[in-house]
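Scroll down for the structure; my scribbles are underneath it.
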Amino acid sequence: KNSVGIIRDILKQGMAEGVFRKIDPDRISNIIFMIYKMFIIRTYIQSKDEFIRDMFADTVRLLMHGLFIDVDIDLSDYI
């Protein structure tokens, strides 16, 4: 399997088990993979371990908890 396919399978399983909210697993798996590629590129350019570790932790927190505090936002005005 390719990397995006593995991520997609994890997302589908998480939705089926009620762990993840309902999303488009095809689109979101590509977004997650793009974030991963950004880390690879950034690590190559700037290999300061502490900076990369902190940036990774912040990104995981952002993915897991979002940016907003329990706000239901209609994004149709922004996209």
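Here the structure is a predicted model, which means the values were calculated and not measured.
Note that the CE atom of Met55 and the CE atom of Met38 stand 4.5 Å from one another [nearest 0.5 Å]. For the atom pair CG of Asn30 and CD1 of Ile35, the computed distance is 11.5 Å after rounding to the nearest 0.5 Å. Atoms CD1 and CG, from Ile32 and Leu63 in turn, are 6.0 Å apart once rounded to the nearest 0.5 Å. Within the model, atoms CD1 of Ile23 and OG of Ser29 stand 7.5 Å from one another, a figure rounded to the nearest 0.5 Å.
Residues passing the salt bridge (Lys or Arg N to Asp or Glu O under 4.0 Å) test with Asp24 are Arg27, sequence neighbours excluded. With sequence neighbours excluded, the residues that form a salt bridge (Lys or Arg N to Asp or Glu O under 4.0 Å) with Arg61 are Asp58.
Residues Arg21 and Met15 share a closest heavy-atom pair of O-CG, 3.4 Å. Arg8 approaches Asp26 most closely through the heavy-atom pair CD-OD1, 2.7 Å.
For residues 3-22, the set of pairs meeting the ring-ring contact (aromatic ring centres under 6.0 Å, His included) definition, not counting sequence neighbours, is empty.
For Phe33 and Tyr36, the distance between ring centers is under 6.0 angstrom.
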